[in-house]
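Not measured: the values here are computed from a predicted model. First the proteins, then the strands, lettered A, B, ... as listed; each starts at 1.
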Amino acid sequence: MFKAPRGTADTLPEEQPYWRYIEEKALETCRLYGYGRINTPAFEDAGLFARSVGEGTDIVNKEMYVFKDRSDNELALRPEGTASACRAYMEHGMDNLPQPVKLFYFADIFRYERPQAGRYRQHHQFGCESIGDPSPMVDAEVIHMSRNFFLSLGLRNFSLQLNSIGCQNCRPGHLKKLIDYFAPLGPRLCGDCQARLERNPLRLLDCKKPGCQAAAEEAPKSADYLCDECGAHFESLKSYLQALGIGFVLNHRLVRGLDYYTRTVFEIQPAEGGSQSALGGGGRYDDLITMIGGKPTPAIGFASGMERIVLNLKSQCIAVPQPAKPAVFIACMGGDARVEAVKLAAVLRDGGIAVISSSGERSLKAQLRLANAAGVKYAAIIGEDEVKAGTVMLRNMETGEQQETQPDELLKLAGSGQ
RNA sequence: GUGAGUGUAGCCCAGUGGUCUAAGGCGCCAGGUUGUGGCCCUGGAUAUCGAGGGUUCAAAUCCCUCCACUCACCCCA
């Protein structure tokens with residue numbers, strides 16, 4: 001038998017209310033902040049991600065689904081959403097629009113990883129990007145928006161982790177300090193970290209190994225080595241957040257796994273669950289558009305993982321709206337009754353009433369059991385007597401009362417919800 | 001890619017060498033009225049015991065290999 005590929009999942013009808021709920025809250029949040037929806041392809045030129053996310057990152061190196069199509073184009077299933085949004089921004093000349101351009105999306109994201117709790121090979125992100133404005137006001141607004149999105153979902157007890165990793169001008173200085181700090185520790189670092197020292201010293205801060213963690217705590221902080229511009233940007237962002245009453249945790253070890261981030265980086269972390277279970281995260285990426293061949297364009301974005309939100313909604317026992325049950329179940333007995341049942345279902349549906357019906361193969365008892373299981377308010381029963389009389393036996397499933405009715409009366413009754 | 005754990009019906013699971021032609025619960029189907037649901041009662045269907053190989057007179061149960069799932073690491077949403 002076929003099974004869904006590893007790391008993918010079917011979202012069955014009973015799960016859908018969670019997704020619908022999240023989508024509605026996201027849509028409302030985007031409306032409040034003036035974001036417009038964009039859909040981009042599930043796959044792109046592989047180079048788009050290699051250039052933006054970074055050749056040296058795990059995402060590009062070992063997690064990206066790359067393939068050649070029949071014309072030998074090198075394509076990749078998108079491993080994140082920002083690069084596509086920026087590509088679309090450039091491709092459609094959105095730099096000629098009033099800036100910033102604010103886009104949001106729901107996208108499936110593909111990464112070849114070992115699945116575990118809250119992590120899948122295909123997962124879904126709600127993300128937003130504000131492109132074209134360098135002001136820290138925008139940073140504050142994006143952070144405010146992401147926080148309010150989670151609050152609107154009813155989620156509580158999450159923290160906002162914040163850091164600034166500087167820009168092309170000041171980051172090299174910090175990196176050098178980091179190397180100077182970590183290099184003498186050499187053999188006391190774990191194997192991974194010794195490799196990271198060469199490849200990407202920032203990542204050393206991220207290591208979960210106790211020994212490295214202790215070392216990372218004392219390491220030079222990027223925020224201490226910001227250039228004047230980055231420092232001023234970070235300071236005013238913090239003052240905006242304070243003015244908005246948004247609490248945050250300065251986390252100098254918060255670096256993100258994508259190369260394109262500059263200055264502001266942030267993450268929303270649930271109270272419970274490890275550091276790898278972030279509900280969402282984002283940051284500024286002022287260099288990304290130049291990395292993929294555009295003119296210098298400042299931007300900042302945020303993305304959240306739908307599956308992780310569902311997990312947290314459940315663990316926090318947040319009830320989500322359930323879809324309405326159909327109003328009427330039509331039961332029938334006998335061949336002539338079936339014709340009447342089909343006609344009645346059509347009349348009711350034309351009148352906007354949700355109807356489910358039985359094909360009449362089973363006993364009335366069995367049909368009513370189905371009606372009960374479906375949670376309908378009314379069962380409309382059509383047997384030989386009703387066919388002869390041109391009526392319908394209407395049974396109220398809540399009270400058990402029933403009465404003969406005309407089809408058009410039934411329409412009125414069910415429509416009024418009485 | 002690495003490490004640990006788990007694999008028995010649609011779902012939850014009992015069972016650790018013979019009494020297992022595999023128990024129970026949920027769900028499903030039917031019956032308990034001649035045209036009537038929800039509770040209750042009765043009956044029924046559904047399991048190549050993850051797959052393959054081995055040990056043994058005898059394997060769901062022991063051994064080996066493989067596969068899948070889960071959790072954790074790496075990294076991220």
Side-chain angles (χ1 to χ4, degrees), chain A residues 1 3-7 9 12 14 22 53-54 56-64 78-82 106-127 146 150 190-193 195-196 200 203 206-209 212 254-258 261 267-270 273-282 301-312 329 331-334 337 358 360-387 393-402:
Chain A
M1 217 175 28
K3 296 169 66 181
R6 169 176 287 184
L12 302 179
E14 58 263 35
I22 296 166
V53 175
T57 60
D58 283 355
I59 289 180
V60 169
N61 256 346
K62 44 186 244 194
E63 295 175 3
M64 202 154 71
R78 61 177 160 219
E80 63 107 38
T82 301
F106 296 101
D108 3 24
I109 303 293
F110 304 87
R111 290 181 201 165
Y112 187 86
E113 310 179 83
R114 279 295 279 273
Q116 68 190 67
R119 163 194 270 163
Y120 310 94
R121 288 187 174 177
Q122 178 183 17
H123 76 276
H124 300 77
Q125 290 187 3
F126 158 57
S146 59
F150 292 117
C190 72
D192 284 342
C193 279
R196 283 193 266 248
N200 191 344
R203 265 329 141 51
D206 221 9
C207 188
K208 309 291 188 303
K209 303 255 185 342
C212 304
L254 178 67
V255 292
R256 312 213 71 231
L258 294 78
Y261 284 112
E267 219 165 80
I268 305 283
Q269 290 179 3
S275 49
Q276 73 283 4
S277 59
L279 275 169
F302 160 78
S304 59
M306 305 277 282
E307 284 83 354
R308 288 187 183 174
I309 294 173
V310 172
L311 240 37
N312 279 268
F329 179 95
C332 60
M333 289 161 292
S358 159
E361 303 291 340
R362 314 160 133 202
S363 67
L364 181 59
K365 182 193 185 88
Q367 293 185 58
L368 286 176
R369 257 202 295 268
L370 293 180
N372 187 62
V376 297
K377 180 156 188 195
Y378 294 107
I381 302 164
I382 307 173
E384 283 174 33
D385 299 346
E386 287 77 15
V387 172
M393 186 62 76
L394 184 66
R395 179 178 181 82
N396 183 316
M397 296 297 285
E398 286 157 13
T399 64
E401 291 163 1
Q402 58 183 44

message: If I take atom CZ from residue A:R114 and atom OH from residue A:Y120, how far apart are they, to the nearest 0.5 angstrom?
response: 15.5 Å

- prompt: Closest approach of A:S358 and A:C332, non-hydrogen atoms and distance?
  reply: O-SG, 4.0 Å

statement: Taking for A:G281 and for A:P5 the nucleotide of RNA chain B with the nearest heavy atom, the one nearer the 5' end belongs to A:P5

- prompt: Is there a Watson-Crick or G-U wobble partner for B:U70 with both distances under 3.5 Å, and which nucleotide is it?
  reply: B:A4

- request: Provide, to the nearest angstrom, the distance between the NZ atom belonging to A:K3 and the P atom belonging to B:G10.
  value: 13 Å

message: When the C1' atoms of B:G17 and B:G54 are compared, how many Å lie between them, rounded to an integer?
response: 15 Å

statement: Scoring nucleotides 28-37 of chain B by protein non-hydrogen atoms under 4.0 Å (B base, S sugar-phosphate only, - none) yields -SSSB--BBB

field: Note, A:T57 side chain near A:E63 side chain (heavy atom, < 4.5 Å)
entry: no

message: I'd like to check the side chain to side chain contact (heavy atoms under 4.5 Å, CB included) partners of A:E14; sequence neighbours left out, ordered by chain and number.
response: A:L12

- prompt: Roughly how far apart, to the nearest Å, are B:C13 and B:G18 at atom P?
  reply: 24 Å

field: Nearest-Å distance once atom C1' is located in both B:G53 and B:C67
entry: 14 Å

field: B:U19: pairing nucleotide in any strand, Watson-Crick or G-U under 3.5 angstrom
entry: none

task: Provide the Watson-Crick or G-U wobble partner of B:C62, both distances under 3.5 Å; none if there is no partner.
output: B:G54

task: Kindly give the heavy-atom pair with the smallest separation between A:E80 and A:V53, and that separation in Å.
output: CG-CG2, 3.8 Å

task: May I ask you to test the A:K377-A:N396 pair for a side-chain heavy-atom distance under 4.5 Å?
output: yes

RNA chain B: 5'-proximal contact among A:R256 and A:A4 (nearest heavy atom): A:A4

task: Tell which nucleotide pairs with B:A47, taking only Watson-Crick or G-U wobble pairs whose two distances are both under 3.5 angstrom.
output: none

query: Syn or anti: how is B:G38 classified when any glycosidic angle within 90° of 0 counts as syn?
result: syn

message: Suppose you measure atom C1' in B:A68 against the same atom in B:G27; what distance do you get, rounded to whole Å?
response: 25 Å

task: Look at the side-chain N and O atoms of A:Q116 and state whether any lies under 4.0 Å from the OP1 or OP2 oxygen of B:A72.
output: yes

query: How about A:I268 and A:S304: do any of their side-chain heavy atoms sit closer than 4.5 Å?
result: no

- prompt: Hey, what do you get for CD (A:E113) to CG (A:D58), rounding to the nearest 0.5 Å?
  reply: 9.0 Å

- request: Please state the P separation for the pair B:C66 and B:U2 - nearest whole angstrom.
  value: 12 Å

- request: Pick the P atom in B:G25 and in B:C39, then give their distance to the nearest Å.
  value: 16 Å

- request: For A:L279, report the nucleic acid contact type (base, sugar-phosphate, nothing); a contact means any heavy atom under 4.0 Å.
  value: sugar-phosphate

- line: With sugar-phosphate taken as primed atoms, P, OP1 and OP2 and all else as base, the protein-contact string of nucleotides 45-51 of chain B at under 4.0 Å (heavy atoms; B, S, -) is -------

task: Please name all residues satisfying side chain to side chain contact (heavy atoms under 4.5 Å, CB included) with A:E384, sequence neighbours left out, ordered by chain then number.
output: none

task: Searching all strands shown, indicate the nucleotide that pairs with B:U34 (Watson-Crick or G-U wobble; both distances under 3.5 Å).
output: none

- request: For B:A14, give its Watson-Crick or G-U wobble partner with both distances under 3.5 Å, or none.
  value: none

task: Check every strand shown and say whether A:Y120 touches a base, only sugar-phosphate, or nothing at a heavy-atom separation below 4.0 Å.
output: base

field: A:L279 CG to A:F150 CZ distance, which is reported to the nearest 0.5 Å
entry: 5.0 Å

- request: Could you give the distance separating B:A23 and B:C49 at their P atoms, to the nearest angstrom?
  value: 14 Å

statement: Whether each nucleotide of nucleotides 1-8 of chain B has a protein heavy atom under 4.0 Å at its base (B), only at its sugar-phosphate (S) or at neither (-) is summarised, 5' to 3', as BBB-----

Inter-nucleotide C1' distance (B:G50, B:G31), Å rounded: 37 Å

query: Do A:N372 side-chain atoms and A:L368 backbone N/O form a donor-acceptor pair below 3.5 Å?
result: no

- prompt: So do A:S277 and A:P270 actually touch side chain to side chain, heavy atoms under 4.5 Å?
  reply: yes

query: Under the side chain to side chain contact (heavy atoms under 4.5 Å, CB included) test, which residues partner A:F106, sequence neighbours left out?
result: A:E23, A:A26, A:L27, A:R37, A:F104, A:F126, A:M306

